[in-house]
Amino acid sequence: MNINKLKKKSAIEAIKYVPKNAILGIGTGSTVLYFIKELSKISSFIKGVVSSSKISTLYLKKYNIKTFDVKYIDKIEIYVDGADEINDDMQMLKGGGGALTGEKILSEMANTFVCIADFTKKVNILGSKNPLPIEIISIAYSFIKSKIIELGGFPVLRKNFLTDYKNIILDVYDLVIDDPINIEKKINNIPGVVTVGLFSIRKADVAIIAYKDKIRVIKK
Ligand code: 5RP
């Protein structure tokens with residue numbers, strides 16, 4: 001089965017979790033794009049959307065969905081986003097699209113975090129399929145690289161890429177993420193790190209995972 005069909009399936013299912021008159025938060029990525037398309041069909045029933053990235057804002061505007069500037073919002077009812085990997089505990093590895101900082105801010109602002117994904121994103125151990133992205137301030141590049149190597153990872157600079165906030169990204173390979181909360185805290189504490197793409201402290205409340213023959217919904 002086509003993976004895009006599964007992404008769309010999980011996005012359609014997530015519409016059920018959108019409360020009337022809500023301010024929503026929206027993540028970034030191809031699965032979220034399917035969600036934005038679905039949301040446009042019911043946009044008159046919501047107050048509007050706070051976006052995690054410039055690219056998602058462009059799509060929201062394209063689909064005539066009202067957006068709010070995150071600067072002026074401190075709470076959102078529900079945050080809907082994809083993931084690069086998700087485990088059974090609903091902890092996630094994110095940032096493949098480079099929007100991890102906006103995504104982390106919005107996920108912390110949300111009462112409910114709904115993760116939408118296809119079954120290929122499901123893993124037992126985070127980091128088993130994808131490198132771990134870390135957004136960093138560029139002057140700390142060498143220092144943070146050495147700190148990550150001390151932790152056992154192999155950091156690689158993401159080429160020709162700057163985040164929405166003009167920072168660089170290190171993609172960390174071979175890091176054993178067997179204790180995600182501990183690793184998230186350790187990396188967060190390195191000076192110069194803006195955001196680590198581990199979402200294990202603020203994890204999802206609901207995960208909607210689309211399989212070829214079913215939809216699996218995991219809840220806290
Ligand atoms: C972007 C992300 C995305 O949620 C993640 O990369 C999943 O993307 P897609 O839905 O395209 O597979 O974290 O920073």
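Note that these values count all heavy atoms, side chains included, but never hydrogens, waters or copies made by symmetry. First listed ligand is number 1; within each ligand, the first listed atom is number 1.
Under 4.0 angstrom from ligand 1, there are no non-hydrogen atoms of S53.
Atoms of ligand 1 lying under 4.0 Å from any heavy atom of G82, numbered from 1 in the order shown and given with element: 4 (O). Atoms of ligand 1 lying under 4.0 Å from any heavy atom of A99, numbered from 1 in the order shown and given with element: 14 (O). Ligand 1 places these atoms under 4.0 Å from at least one heavy atom of G97: 1 (C), 6 (O), 14 (O). Close contacts between ligand 1 and T28 involve ligand atoms 1 (C), 2 (C), 3 (C), 4 (O) [criterion: under 4.0 Å to a heavy atom]. For ligand 1, the atoms closer than 4.0 angstrom to any heavy atom of G98 are 14 (O). Of all atoms in ligand 1, listed by their number and element, those nearer than 4.0 Å to a heavy atom of D81 are 4 (O).
The protein heavy-atom contact nearest to atom 1 (C) of ligand 1 is E103 OE2, 3.1 Å. Looking only at protein heavy atoms, the nearest one to atom 5 (C) of ligand 1 is D84 OD1, 3.1 Å. Of all protein heavy atoms, the one closest to atom 10 (O) of ligand 1 is T31 OG1, 2.5 Å. Of the protein's heavy atoms, K94 NZ, 2.9 Å lies nearest to atom 4 (O) of ligand 1. In this structure, atom 12 (O) of ligand 1 lies nearest to the protein heavy atom K121 NZ, 2.7 Å.
Taking distance alone, with nitrogen or oxygen atoms compared against 3.5 Å, G95 approaches ligand 1 more closely than that limit.
Of the candidates P133, G29, S30, it is S30 that places a heavy atom closest to atom 11 (O) of ligand 1.
A distance-only check finds no donor-acceptor pair linking the side chain of K94 to the backbone of L100 [under 3.5 Å].
V50 and Y59 fall into different hydrophobic clusters, where Ile, Leu, Val, Met, Phe, Trp and Tyr residues are linked whenever their side-chain heavy atoms come under 4.5 Å apart, directly or through other members.
Side-chain atoms of S56 and S51 form no donor-acceptor pair, as typed in the model, at a separation below 3.5 Å. Side-chain contact check for Y79 and D81: at least one donor-acceptor pair (N or O, by modelled atom type) lies under 3.5 Å. A donor-acceptor pair shorter than 3.5 Å can be found between the side chains of S52 and T28. For the 3.5 Å distance criterion, the side chains of E77 and N111 fail to qualify, holding no donor opposite an acceptor.
Considering all non-hydrogen atoms of both residues, K104 and V196 come closest at NZ-O, 2.9 Å. Taking all atoms of both residues into account, the shortest heavy-atom contact from T31 to S10 is CG2-OG, 3.8 Å.
No salt bridge links D205 with K219; every basic N to acidic carboxylate O contact stays at or beyond 4.0 Å.
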